[in-house]
Amino acid sequence: MAAVLRFLIAVLLFSSIASASLSQEEEEEFSEELLLKPLADRKVLAHFHFESKAPPTRTYGHHHRLFPKALYQLVQKFRIREMELSFTQGRWNYERWGGFDPISSSNAKPPGVELWAVFDVPHDLVDASWKNLTHTLSGLFCASINFLESSTAYSAPDWGFQPFSGSLRYGSLPREAVCTENLTPWLKLLPCRDKAGLAALMDRPSIYRGFYHSQRLRLSSTEFGSTELESGIALDQTLTVVLQPTTSQRASMTYSSDSVLQPSWSLSSIFGRKVSGRCVLAKSSNVYVQVERGLVSELKNLHAEDEGSGAGNVTFEKTWNNPGFELSIAPNRVIKEVNILHDETSIVLYEYLIDNYSNSEPFDLGFTWKFPVVWSSPQAPLHASRFLMGSGNERGAIAISLKATEPSDGLWVADTIENSCMLRFNVFQVVPWYVRVYFHTLQVFVDGKPQSVTDFIERMRISPSEDKVSPGVMEMALKLPCCVKSVTLTLEFDKGFLHIDEYPPDANQGFDIPSAVISFPDFHASMHFLKDDSLNKSPLLSKFQEKSPVLCYTEVLLVPLTTPDFSMPYNVITITCTVFALYFGSLLNVLRRRVGEEERFLKRKDSKKTGRLGQLLSKLFAKLRGKSWEPTQTQSASSSLISSKLIFKVILVAGIAAGWQYYSG
Amino acid sequence: MKKLTKHPVCGTCSDSNYTVSVTVDSGSGCARNYNAESTCMWRCGAIGEFDLGGGGDDDGVDEFLGSVLGSCEGFRKVYSVVVVNRGGEVRAVVGKYRHAWIIGGVLEEGMNAMVARVAETFVKVFVNGGKEEGSIHGEFMPVGADGRIVLSFNLLNADPTDWIYGWDFQRIDEILLAPVIKALGPVANISVESQVLYHTPKSSFSYWDEKWDSYIFSTKDLPFFVNSNEWHLDTSIAAGGRSKILQFVVYIPSAKECPLLLQLPNGEISVTNAFISPMWGGVAVWNPPGCSRDSESKHPARHTISPQDLQKVFEIFMGQLRQLFGLKSDSLYAGASGTTNLLASERGFTEWELDVLSRQHTCFNLVSCATTLGSLSRLVQSLPRMIIMDEIGKQVKFSLEAAKLTQSNASLGIYDASAVSSRQARSLAEDAFFHPSIMSVSYYSFEHCFAVYSPFFLPVSMHVLLAAFREWRRYKQETAKYLAWKKKAKVAAS
């Protein structure tokens, strides 16, 4: 056998030489990046971005050296065109952390689990694929994603969630708890896991201590030939955390302007670890520090004050040691955003290449504030919040309130047309079936005044909920004049009743209505950098340059439903049984009773003395009362007989009760 | 010349449903022991067309005999042993098809010895697959309940900061594995997948040995070689729930322990540098050539395992796969009456070996089907209140029907069909056993019953007992009265 195999390998050798030149063109790629950004409210955003790419199967084959096998098989088995799965804990604070940048619109996710997928299968098979996918993912990520299997848990949005969707399915589990058992399988998809490279920073206690934690996985594939351009499968894994740097003593120093100095931080202080070299399999391994536009302009003012005149403006962006803050390591490169609108102030990115660091000299970037600075983050055109109205367990109303934010620096006004300035946005909302929404009660309040619905709603698609079959889905496209300050949409609903088996554990906590999605199709949160080859090599920066619509999620609503007393069935059993037992007992008594005989007995009793037991008991009672006992008179005989009977009954009942207590305890 | 033909049935558990035919071909004419249908008989004088065993070219002889005897391939399996009496050293070879030949001065050793040897070839090689006693239990096949095997090949780089090795698995898959998978088709539906993993140290330590000038890993530590914490050899998504996954691991040690050798229990160094774990798979250690780190640079270059090395590794894996199936991995069979050469097929498994496998597979499936159904029936009998769906009954019925079909096919010698239906029988039996309605056993527990009925029966029993007690007291009183009255009456009467 060996001889034959050896001959075969000669064939193999020749053919592999022949094909060597072909396979050079396409390669699997993996890159790791980390973006750090000081936030306006004294916190730090850390955004890990890992990208794996596999060339198309048709030219590259089924076997990969970097791309995770599990996800490749997932794409092949369920014919996934696009998929996004996110595990989130905490809520993204749109007001303080920004709502108009690529990170907030693509990485701010609703709490719990959110999953959407686009399949490349015939329409009638999409639901079956979705169900199988949820089961596979719940096995893969140790989460209860399989609860999205039931048709009451997911929906099929048409255009409200994403513009292109045909065979898209969307579902979310707001109450899913996210913890390290979800992170570990996610890390297993990286070639270096958390053994080396930037992922080694993910110290579990520090990550989960943060204010916001969102772990996301996005797959997109062109495997199933719907487009001419085949780029294979791309897998984006991001982890976004908002951490609070521990305040040191210096930070508590107050300045004359009453503002407190922001806490300084370093990688080792916020993560408790340092980066000791890159993952050797990564094509690029970079760390970026992003300075927001608001902060840049504040710093510029500061700089100008220091210099006395605006002479230092030109050099400001190039410096990493300025009056406002200081970076402990000189960046390898400073990248400045190019923006036609605001050429004065623009985002600055400091780039560090991890290639140059190793175990002996680990990378530990420090960010030291030198002067208190207050700035604000860019906001989405409307700030959305959602709340419940009404009281009681019968009906209520959902209100989505959208308030116009200050268009800072004319950020988005330019996107609109001059005279008929209109603001377009889409609302996508899924409501579980037990919250029965009456869509005809939709009301629009513009600046506090009720207005006709048709004036503002461009189009609307509603699929009403069906009890125990499907949730209610609402997709709305609204158009508002720019001058409008606030809009409120209200919808009334009735609360439904669930079967006792359908209640989740801890039903008294209430039921969650998943977040609504507000998207602004006319606004794109993207950064523009100078066309440069080196920039395109960074997947994170090229992601930032992609035009993605601004998106924000509202709060999760907690609806208290009428929850039954779950011991009720047993109570019903007990009371019914008691009634039956009483009925049976009295019937038995009646049947047993011999009326004539008893009358005779009583007559004879009258003539006699009371029984010995009765005597004893009355003696005892008398002792207890402290009186001397006198033998009862004959005329009171009947009453004492009754009392002895009563006492006997009381003892009997007490005995039964004690027995019952003993039994049930 | 003699020729024996035999139709064995289901491996060792055979009844006498086979026929033996002997043909003596003396060049000028033929003598047969009985006149069977002539299609499967030895063609007289065929031997003269070929110089049998002239140059010792076993493959050529094998092909020739295959062409001569191949004509009678058909409904039943025919195994043949051709004995050529021409003097010289006796040489026995088993070919890739269903025949063997013995060349040499067979008559000089005596007729009985020769017949014994022919019989041994039939019984030990063709029927038993040439297995020694005490090797892996023959009936235990690494095939999933749904008749599928997933061969998962993993290349583990223990520490990628020392060196990174890749492999050209695509080519191996196409050239080496595809024929084997096709050959094993009747036994199991096999799929292949591969992955390359990094940062995967083994979980036990090796020691430096001056004598071998390398790191030695002894046999007693082998159970701790596989590091299930760090080697995430995931179960496959592509595989169904009940497929069998066999893991084959190429382990590339880090520079700290580079040449890493496995030591046999007798102190020798393993030639293959590999080991198997039954029903799990195999591990082969591959040491990078020279064990030299690329340079002191921080970024190791990517290498590819050279095709020659990879071929060696896959030869080892092929042997391991054969071992996992319970077949021998070397090409010699040492019987009681001399050694026999076994020719290897380029597909990894020869035709007679495949016959053995499919017989065993059928046997194993039937046995496991019977055990599963047996435990199901015991379960159902032990929980009389359990609700059993009609569907389960149907599955059991179909499973039994398939098992019956398997038996009839096997006794006719149609191995492929019987393997298929035995697989069906087993998977149906497993389906019935693992039916979701059985999984969530919703039987009514006695305690529950008690809790529900006691609020009714406890008070009611109180009433009944009290009434009975009163009746008893009244009865005593009345009898006492009656007796007193009777006494009185007696006294009065007397």
Side-chain angles (χ1 to χ4, degrees), chain A residues 1-9 11-13 15-16 19 23 60-66 68-70 73-74 76-77 136 139-140 188 191-193 195-196 277-281 355-356 358 570 573-578 580-582 584-585 588-589 592 594 597 652 656 659-660 663-664, chain B residues 152-153 155 160-161 164 166-173 175-176 192-199 230 232 234 236-238 298-300 302 306-308 310-312 314-315 318-319 329 331 342-346 348 451-460 462-464 466-467 470-471 474:
Chain A
M1 183 169 75
V4 179
L5 288 180
R6 205 153 287 148
F7 161 74
L8 275 171
I9 218 65
V11 179
L12 189 144
L13 181 67
S15 45
S16 67
S19 66
S23 59
Y60 190 79
H62 295 280
H63 303 286
H64 299 92
R65 65 176 191 94
L66 291 176
K69 183 177 85 175
Q73 288 177 344
L74 194 79
Q76 293 294 326
K77 190 170 183 184
T136 312
L140 207 58
K188 272 207 304 201
C192 286
R193 311 209 293 295
K195 299 284 164 207
R278 60 168 193 146
C279 171
V280 286
L281 300 151
D355 298 26
N356 309 326
S358 70
Y570 196 72
I573 289 171
T574 315
I575 201 161
T576 328
C577 288
T578 312
F580 270 103
L582 279 176
F584 178 83
L588 194 73
N589 255 338
R592 201 191 58 83
R594 294 167 176 86
E597 199 176 301
L652 186 77
I656 291 171
W660 185 256
Y663 158 72
S664 60
Chain B
S152 171
F153 291 91
L155 178 64
T161 50
I164 302 171
W167 58 6
D168 192 3
F169 194 84
Q170 194 73 33
R171 212 139 295 283
I172 287 285
D173 187 11
I175 295 172
L176 285 181
V192 172
E193 55 192 47
S194 81
Q195 62 181 340
V196 185
L197 299 176
Y198 307 91
H199 292 286
E230 305 279 351
H232 45 278
D234 286 328
S236 169
I237 288 175
K298 287 170 198 158
H299 313 306
R302 255 184 67 208
S306 71
Q308 290 86 350
L310 201 57
Q311 185 235 344
K312 272 181 206 144
F314 273 82
E315 269 174 31
M318 219 29 80
S329 52
S331 61
L342 307 179
L343 282 189
S345 163
E346 63 272 17
V452 166
Y453 289 119
S454 61
F456 179 66
F457 282 109
L458 227 61
V460 161
M462 273 298 157
H463 282 287
V464 171
L466 217 64
R470 279 186 181 155
E471 283 299 303
R474 184 184 159 275

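Quick caveat, the model's predicted, so the values are computed rather than measured. All chains are named by letter (A, B, ...) in the order of the sequence lines, taking the proteins before the strands, and each is independently numbered beginning at 1.
- Between chain B and the options A:Lys195, A:Arg65, A:Lys77, A:His62, heavy-atom pairs under 4.5 Å are most frequent for A:Arg65.
- Between A:His63 and B:Ser194, the shortest heavy-atom contact is ND1-OG, 2.8 Å.
- For chain B, the nearby parts of A:Lys188 are the backbone and the side chain; heavy atoms of each come within less than 4.5 Å.
- Among A:Leu582, A:Thr578, A:Leu588, A:Leu74, the residue making the largest number of heavy-atom pairs under 4.5 Å with chain B is A:Leu588.
- Between atom CD of residue B:Glu230 and atom CG of residue B:Leu197 there is a gap of 11.0 Å, rounded to the nearest 0.5 Å.
- Residue contact with chain B, scored on non-hydrogen atoms closer than 4.5 Å, involves the side chain of A:Thr136 exclusively.
- Remark: A:Ile656 CD1 to A:Tyr663 OH distance equals 15.0 Å, nearest 0.5 Å.
- Proximity to chain B is limited to the side chain of A:Phe584, based on heavy atoms less than 4.5 angstrom apart.
- The aromatic rings of B:Phe153 and B:Phe169 sit tilted relative to each other, their planes meeting at an angle between 30° and 60°.
- With a threshold of 4.5 angstrom between heavy atoms, B:Ser152 approaches chain A through side-chain atoms but not through N, CA, C or O.
- Neither the backbone nor the side chain of B:Leu155 comes within contact range of chain A; no heavy atoms are under 4.5 Å apart.
- Residues that satisfy the ring-ring contact (aromatic ring centres under 6.0 Å, His included) test with A:His64, not counting sequence neighbours, are A:Tyr60, A:Phe67, A:Tyr72.
- Using a 4.5 Å cut-off between heavy atoms, A:Ile575 does not touch chain B at all.
- Per-residue heavy-atom pair counts under 4.5 Å with chain A were compared for B:Ser454, B:Pro455, B:Pro160, and the maximum is reached by B:Pro455.
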Test side-chain contact (heavy atoms from CB on, under 4.5 Å) on B:His199 and A:Leu281 and set out the steps.
CA-CA 11 Å; B:His199 292 286; A:Leu281 300 151; 5.5 Å; no
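- Contacts with chain A were tallied for B:His232, B:Gln195, B:Met462; B:His232 has the most, counting heavy-atom pairs under 4.5 Å.
- Under the rule for a ring-ring contact (aromatic ring centres under 6.0 Å, His included), B:Tyr198 has no partner lying at least two apart in sequence or in another chain.
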